[in-house]
Peer 1: 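Below are the structure tokens for one structure; questions will follow.
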Amino acid sequence: MSSRKSFIKSATLSGMGVLLGSNLMAEPNKEDKKTKPTAIRKPLVLSTWRFGIQANEAAWAILGKGGKALDAVEAGVKIPEGDPKERSVGYGGRPDRDGRVTLDACIMDELGNIGSVAALEHIKHPISVARAVMEKTPHVMLVGDGALQFALEQGFPKENLLVEDSEKEWKEWLKKSEYKPIANIENHDTIGMIALDENGNLSGACTTSGMAYKMHGRVGDSPIIGAGLYVDNEIGAATATGHGEEVIRIVGCHLVVELMRQGKNPEDACKEAVARVVNLMKVRGKNLKDIQVGFIAINKQGEHGSYCVQSGFNYAICDGKSNVLVDSAYHSKV
Ligand code: GLY
């Protein structure tokens with residue numbers, strides 16, 4: 001592998017976003033199409049938002065050595081989960097309105113194995129608990145106290161996840177207690193990561209502290225297989241970020257993968273899923289400006305793409321030659 005410095009082009013190449021985020025690069029010219037099949041571009045890892053750059057780096061440490069996509073996505077998303085400065089994932093995440101940090105995460109491998117935890121407290125790496133649910137229980141999802149009990153039995157340490165600065169912000173919020181999620185407020189949210197490994201296998205992981213100051217017990221899309229994440233090793237993988245209620249409403253990531261099965265390229269599949277979100281907002285008389293939803297997707301050929309409701313969503317793509325943050329194509333400009 002090349003040196004870290006040359007490998008990580010972490011500067012925001014926003015001008016290149018649409019090009020890199022679309023399938024234009026993957027599309028062979030007409031002559032090539034006739035004579036040779038498109039080469040599969042692997043390994044490859046994509047993850048949501050700017051913290052995806054560092055997360056991809058950790059994932060690449062595994063993928064670049066021929067490791068499994070499943071191991072890569074777990075290692076990748078653990079980076080923002082463990083970062084006390086990140087306010088939307090894991091340790092340091094914003095609490096619910098009662099001051100409790102409750103975490104949601106799920107993971108899915110190439111065989112259709114799935115594991116998930118929701119409303120899990122006191123555990124820094126919910127993604128690893130989700131993987132333990134997948135590998136060590138006959139179930140696919142554990143929530144709340146049951147998830148915590150399981151995590152402790154598995155040897156995960158019990159920790160305080162509410163960091164001082166986050167507690168201060170929450171106490172400030174309590175003065176008005178207004179619940180008004182704002183799209184792209186910090187240019188990050190959930191981390192969703194999808195990867196294609198050297199063997200051509202796909203896996204994905206998704207983890208979040210959910211909406212800041214949510215009602216206690218609120219669960220978003222991120223731990224829901226089919227909504228926040230879906231992997232079908234014959235077709236492709238997708239993950240989501242943004243307002244989980246809207247993603248759940250359309251079972252977003254399963255939809256994106258099924259649209260790829262029907263022949264859409266990754267960006268067009270994400271675009272169609274966003275169109276469904278937009279349509280249901282309109283039908284219900286809701287203001288589109290109040291929400292953001294973004295999808296990223298990879299197909300089995302290593303083509304990738306993204307689409308979101310409002311401008312401002314970006315994601316990181318790493319293929320070993322570069323690790324770049326690109327702007328997603330979008331439905332409307334903020
Ligand atoms: N997408 C994260 C959430 O809504 O909780």
Side-chain angles (χ1 to χ4, degrees), residues 46-52 55 73 77 80-81 86-98 100-108 116-121 126-127 130 141 143-144 147 161 166 170 179-194 204-230 237-256 270 273-274 276-277 280-281 286 288 290-297 306-310 312-315 328:
L46 263 66
S47 53
T48 55
W49 302 108
R50 56 156 175 74
F51 46 34
V73 295
V77 302
E81 274 188 349
E86 290 299 349
R87 290 283 172 272
S88 58
V89 179
Y91 178 47
R94 290 201 175 84
D96 63 22
R97 57 183 54 191
D98 299 338
R100 296 162 72 161
V101 180
T102 67
L103 305 177
D104 299 336
C106 74
I107 193 159
M108 184 164 189
S116 162
V117 289
L120 172 63
E121 293 181 72
I127 198 64
M141 187 171 197
V143 305
L161 304 182
S166 184
W170 166 63
Y179 186 58
K180 278 190 190 163
I182 303 169
N184 298 338
I185 188 164
E186 284 178 299
N187 200 25
H188 66 108
D189 173 80
T190 307
I191 183 154
M193 176 178 275
I194 44 181
C206 188
T207 175
T208 188
S209 51
M211 284 185 177
Y213 319 133
K214 61 194 174 187
M215 289 174 70
H216 182 62
R218 180 264 185 190
V219 173
D221 60 315
S222 302
I224 314 257
I225 294 290
L229 176 73
Y230 200 69
T239 189
T241 182
H243 291 83
E245 285 75 1
E246 305 314 316
V247 180
I248 293 171
R249 215 179 298 284
I250 62 154
V251 199
C253 289
H254 186 261
L255 175 62
V256 170
C270 293
V274 165
R276 305 264 183 110
V277 169
L280 284 185
M281 288 290 285
K286 303 287 181 189
L288 204 56
D290 291 340
I291 66 140
Q292 172 65 299
V293 168
F295 295 102
I296 59 174
S306 162
Y307 214 81
C308 60
V309 171
Q310 304 189 41
F313 167 51
N314 50 24
Y315 64 108
S328 173

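Each ligand, and each atom within it, is numbered from 1 in the order the structure gives. All values below were derived from every heavy atom in this structure, side-chain atoms included, with hydrogens, water molecules and symmetry-related copies excluded.
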Peer 1: Output the list of atoms in ligand 1 that are nearer than 4.0 Å to some heavy atom of Asp221, sorted by atom number.
Peer 2: 1 (N), 2 (C), 3 (C), 4 (O)
Peer 1: What protein heavy atom sits nearest atom 2 (C) of ligand 1, and how far away is it?
Peer 2: Thr190 OG1, 3.0 Å
Peer 1: Examine the proximity of ligand 1 to Lys214 and report which part, side chain or backbone, both or neither, has a heavy atom under 4.0 Å away.
Peer 2: neither
Peer 1: Do Glu121 and Thr102 get their side chains close enough for a donor-acceptor pair, meaning under 3.5 Å?
Peer 2: no
Peer 1: Please check if any side-chain donor atom of Asp189 sits under 3.5 Å from a side-chain acceptor atom of Thr241, or the reverse.
Peer 2: yes
Peer 1: What atoms of ligand 1 come within less than 4.0 Å of a heavy atom belonging to Gly210?
Peer 2: 5 (O)
Peer 1: Contact between Tyr230 and Val251 at the side-chain level, heavy atoms closer than 4.5 Å - yes or no?
Peer 2: no
Peer 1: Using a strict cut-off of less than 4.0 Å between a Lys/Arg side-chain nitrogen and an Asp/Glu carboxylate oxygen, indicate whether Glu245 and Arg218 qualify as a salt bridge.
Peer 2: yes
Peer 1: Within a distance under 4.0 Å of any heavy atom of Gly242, pick out the atoms of ligand 1 and give their elements.
Peer 2: 1 (N), 2 (C), 3 (C), 4 (O)
Peer 1: Distance to 0.1 Å, residue and atom name: give those for the protein heavy atom nearest to atom 5 (O) of ligand 1.
Peer 2: Arg218 NH1, 2.6 Å
Peer 1: Would you say the side-chain atoms of Asp98 and His216 include a donor-acceptor pair closer than 3.5 Å?
Peer 2: no
Peer 1: Is the shortest side-chain N to carboxylate O distance from Arg276 to Glu246 below 4.0 Å?
Peer 2: no
Peer 1: Which atoms from ligand 1 have a heavy atom of Ser222 less than 4.0 Å away?
Peer 2: 1 (N), 2 (C)
